[in-house]
Amino acid sequence: MARFELKLPKMGESVAEATITNWLKEVGDKIEADEAVLEIATDKVDSEVPSEVSGILVEQLFGKDDLVQVGQTIAIIETEGGDAPTAVANTVEEIAAPAEAAEIEKTIEAVKETVATSQDFSASDKFFSPLVKNIAKEEGVSLNELENIAGSGKDGRVTKEDILKYVEDRKSGSVQAPQTVEAAPKVVVETPKVEAPKAETPKAVEPVAQKSQQAVPVSVNGGDEIVEMDRMRKLISGYMVASVQTSAHVQSFIEVDVTNIVKWRDKVKTAFEKREGEKLTFTPIMMEAVAKALKDFPGMNISVDGDYIIKKKNINLGMAAALPNGNLIVPVIKNADQLNLVGMAKAVNDLGNRAKAGKLKPDDTQGGTYTVTNVGTFGSVFGTPIINQPQVGILALGAIRKVPAVIETPEGDFIGIRQKMFLSHSYDHRVVDGALGGSFVKRVAEYLEAFDVDRDF
C-alpha cells in the first residue's frame, strides 16, 4: 500500500506557518491530482493546498484552527490499492526467513489481532486528536496506555506534547507501559485507520459543551443580530489596535491640483488599454509620484524595531485594497521605484484583481516599506489612516473633485474650475518629525502638479 504524505507547502521566504481554516475533503474521499484538499490561512492571506497525487484521503493529522509549520505532514493519501496484511507479511518474512509458511501466517494473524486489540482507538470513550492517534500508532502506544496518560489539554485531553513526553519517558524506562494483552513480536505494521462514525464521536458535541461554558452576548431588545467576527476581521482588529498603541500618530494634509493628470488620462486611457491590455486608473500615477518622493526622502522608507531604526534599501509600496466581504488587505508592489508607468499600472491591476478574487499568495503581502490607501474610492475627501506596522507612514488619497479655485497668471488672478484632491499623510512621530512628514507629502504633491501633459505612457 503506497501512502503519500501531504505536507504544508512553502508559501514564501517570510512565511513559516499557517492555520487550517477548513477541510475540503474528509477521510475516505477520493482526491484527484491538483485538487484542493484543505484551506489554510496565514496572517493575511487565505489559500488552498492541492494534492500532488490521486488517491484516497485516509488520515487528517490536524484539525480545523490548528497551527501547522511549513513542511509538516498534514494528511495521508493512499495512492494505490492493496491491503495492510501485505506489508505485514513482507516484514515478517524479512525477520523470520527460515520459518515455514504456516508459521509465518500464524505470526501475521497474531500481530494483526494484537494491533487490532491494542490500537483500535475508536473503541475509547475519550477523544484523541488525529495527530495524537497517529503518534500513538507510530510509537506502538496501545489504547490502554493512551487512556492512562494524564492530559494537559482542555478537559484533560492528551496533547501532542503529552504523548511525546510519555514516549520519551517510556524509552528511558522512567515509566512502565501497562500490559493488557500478550506482547507480540515488534513488527512495523501499516494498518488502515478505523474512523468512528462522526455522529457518535465526542468531538461532534464538543462545540455545544464549549458554548455552554462561555459567556454568550445577549440581545437587549430581541431584535439585534449578534455575529462573531471572521478570522480576518479579528486579525485586522488586533493589528489596528496594536498600531495605535505602538506609534505616535500625527497627520499632515495638503490639497493638490491634479487637473493636468485628469486631462492627460482622459486623452490616453483608450489608447493605453488598446496597446497594453490594461485599464489606466489614477492609482498607478499616484504610486509613481510616491515612489519618487520616497527616493528623495529615504527617512520615510524605514521601519522601527524596538529602539532601532531599519533603513530599507528597497522601496516596496503597499496598496490597501478592500475585499468583497468588507475586509482589508495590503498587497505589495516590490521595487516600485524601478517601474515605469506601464509597469506600475500592470502591477496595480494584477494585485487588485487577485485580491478581489482571493488569489493572492502570502509573499504578495510581505515586505512593504510604505503604504498608500485610496479613500477617495468611497467618496471620502480625506482620511486619517492608521500606520501599517512596522512602517512609519501611510498616505491616503482623497476623492478628486471639481472645485472653484484661484488661478495665478502673469496677467493676474482669476477664478476657474480645477480638479483637486487632498493627500492625508499619517506618520510615526517617534521617528518622523513634522518637518520630514510635511516635506514628504509636499514633494508628492509637487510631482503630481508638475505632471507633463505631453508625456508618453
A.B. asks: Can you tell me how far apart CD (E35) and CD (E48) are? Round to the nearest 0.5 Å.
C.D. replies: 10.0 Å
A.B. asks: Identify, with sequence neighbours excluded, every residue that meets salt bridge (Lys or Arg N to Asp or Glu O under 4.0 Å) alongside K359.
C.D. replies: none
A.B. asks: With distance as the sole test, does D433 use its side chain to make a donor-acceptor pair with the main-chain N or O of L436 at under 3.5 Å?
C.D. replies: no
A.B. asks: Could you tell me whether a side-chain N or O of D305 sits under 3.5 Å from a main-chain N or O of Y308, the two making a donor and an acceptor?
C.D. replies: no
A.B. asks: As a quick check of understanding, evaluate salt bridge (Lys or Arg N to Asp or Glu O under 4.0 Å) for D296 and K292, giving each step before the final call.
C.D. replies: CA-CA 7 Å; D296 296 339; K292 289 180 179 179; over 6 Å; no
A.B. asks: Within the 4.5 Å heavy-atom criterion, are I56 and I31 side-chain neighbours or not?
C.D. replies: no
A.B. asks: Considering only distance and modelled atom types, tabulate donor-acceptor pairs under 3.5 Å from the side chains of residues 421-430, sequence neighbours left out.
C.D. replies:
residue : atom : partner : partner atom : Å
S424    : OG   : G383    : N            : 3.4
S424    : OG   : G383    : O            : 3.1
H425    : ND1  : G437    : O            : 3.0
H425    : NE2  : Y370    : OH           : 3.1
S426    : OG   : Q251    : NE2          : 3.2
S426    : OG   : P385    : O            : 2.8
Y427    : OH   : S252    : OG           : 2.9
D428    : OD1  : A248    : N            : 3.4
D428    : OD1  : R430    : N            : 3.0
D428    : OD1  : R430    : NE           : 3.1
D428    : OD2  : S247    : OG           : 2.9
D428    : OD2  : R430    : NE           : 2.9
D428    : OD2  : R430    : NH2          : 2.7
H429    : ND1  : V432    : O            : 3.1

A.B. asks: Can you find a pair of side-chain heavy atoms, one from L38 and one from N22, that are under 4.5 Å apart?
C.D. replies: no
A.B. asks: Can you confirm whether V392 sits close enough to I387 that some side-chain heavy atom of one is under 4.5 Å from a side-chain heavy atom of the other?
C.D. replies: no
A.B. asks: Hey, are the side chains of R443 and V441 touching, using non-hydrogen atoms and a 4.5 Å cut-off?
C.D. replies: no
A.B. asks: For the OG atom of S142 and the CG atom of N148, what is their distance to the nearest 0.5 Å?
C.D. replies: 8.5 Å
A.B. asks: Search all heavy atoms of K7 against all heavy atoms of V49 and return the closest pair with its distance.
C.D. replies: O-CG1, 4.5 Å
A.B. asks: Is the shortest distance from a Lys or Arg side-chain nitrogen in D169 or K165 to a carboxylate oxygen in the other one below 4.0 Å?
C.D. replies: yes
A.B. asks: Please round to the nearest 0.5 Å and tell me the distance separating atom CG of L328 and atom CD1 of I236.
C.D. replies: 5.5 Å
A.B. asks: With side-chain contact (heavy atoms from CB on, under 4.5 Å) as the test, would you mind laying out the steps for F4 and E78 before giving the verdict?
C.D. replies: CA-CA 6 Å; F4 174 79; E78 182 182 320; over 6 Å; no
A.B. asks: State, yes or no, whether a side-chain contact exists between V372 and M286 at a heavy-atom distance under 4.5 Å.
C.D. replies: no
A.B. asks: Between the main-chain N or O of A242 and the side-chain N or O of Q245, is there a donor-acceptor pair closer than 3.5 Å?
C.D. replies: no
A.B. asks: Under the side-chain contact (heavy atoms from CB on, under 4.5 Å) criterion, do I76 and L6 qualify, and how do the steps go?
C.D. replies: CA-CA 6 Å; I76 303 296; L6 179 65; over 6 Å; no
A.B. asks: Can you check whether L397 reaches L395 side chain to side chain, under 4.5 Å on heavy atoms?
C.D. replies: yes
A.B. asks: Could you give the distance from CD (E288) to CE (M344), rounded to the nearest 0.5 Å?
C.D. replies: 6.5 Å
A.B. asks: Without swapping roles, check the side chain of D364 against the backbone of K361 for a donor-acceptor pair under 3.5 Å.
C.D. replies: yes
A.B. asks: Does E168 CD have over 12 foreign heavy atoms under 6.0 Å away?
C.D. replies: no
A.B. asks: Step by step, work out the side-chain contact (heavy atoms from CB on, under 4.5 Å) result for V444 and V290.
C.D. replies: CA-CA 6 Å; V444 175; V290 172; 4.2 Å; yes
A.B. asks: Is there a donor-acceptor pair under 3.5 Å between the side chain of S380 and the backbone N or O of F382?
C.D. replies: no
A.B. asks: To the nearest 0.5 angstrom, please state how far the CG atom of N301 sits from the OG1 atom of T369.
C.D. replies: 3.5 Å
A.B. asks: Let's go through V244 and I386 carefully: what are the C-alpha distance in whole Å and the side-chain angles of both, what is the deciding distance for side-chain contact (heavy atoms from CB on, under 4.5 Å) to 0.1 Å, and is it a yes or a no?
C.D. replies: CA-CA 7 Å; V244 172; I386 296 174; 4.0 Å; yes
A.B. asks: How far apart are the C-alpha atoms of R170 and E139, what are their side-chain angles, what is the distance that settles it, and do they pass the salt bridge (Lys or Arg N to Asp or Glu O under 4.0 Å) test?
C.D. replies: CA-CA 10 Å; R170 191 176 66 171; E139 298 294 339; 5.3 Å; no
A.B. asks: Look at the side chain of Q391 and the backbone N and O of G368, then say whether any donor-acceptor pair between them is shorter than 3.5 Å.
C.D. replies: yes
A.B. asks: Kindly indicate whether the side chain of T19, heavy atoms from C-beta on, has any atom under 4.5 Å from the side chain of V68.
C.D. replies: no
A.B. asks: How about K30 and K25: do any of their side-chain heavy atoms sit closer than 4.5 Å?
C.D. replies: no
A.B. asks: Grab the two heavy atoms, one from A347 and one from L339, that are nearest each other, plus how far apart they are.
C.D. replies: CB-CD1, 4.3 Å
A.B. asks: Taking E39's backbone N and O only, do any of them form a donor-acceptor pair with T21's side chain (distance below 3.5 Å, no angle check)?
C.D. replies: yes
A.B. asks: Grab the two heavy atoms, one from Q389 and one from S243, that are nearest each other, plus how far apart they are.
C.D. replies: NE2-OG, 3.1 Å
A.B. asks: Could you pull out the closest heavy-atom pair between E5 and T73, with the gap in Å?
C.D. replies: OE1-OG1, 3.2 Å
A.B. asks: Only distances under 3.5 Å count here; give the side-chain donor-acceptor pairs of residues 309-322 to other protein atoms, sequence neighbours excluded, each with its distance to 0.1 Å.
C.D. replies:
residue : atom : partner : partner atom : Å
N316    : OD1  : N335    : N            : 2.8
N316    : ND2  : G367    : O            : 3.0

A.B. asks: Indicate yes or no for a side-chain donor-acceptor contact from K346 to the backbone of L341 under 3.5 Å, with no hydrogens or angles considered.
C.D. replies: no
A.B. asks: Locate the shortest heavy-atom distance separating K10 from V70; write the atom from each residue and the value.
C.D. replies: CA-CG1, 3.7 Å
A.B. asks: Heavy atoms only: give me the nearest L351-V332 pair and the separation to one decimal.
C.D. replies: CD1-O, 3.5 Å
A.B. asks: Using 0.5 Å steps for rounding, measure from the CG atom of D29 to the CG atom of L57.
C.D. replies: 7.0 Å
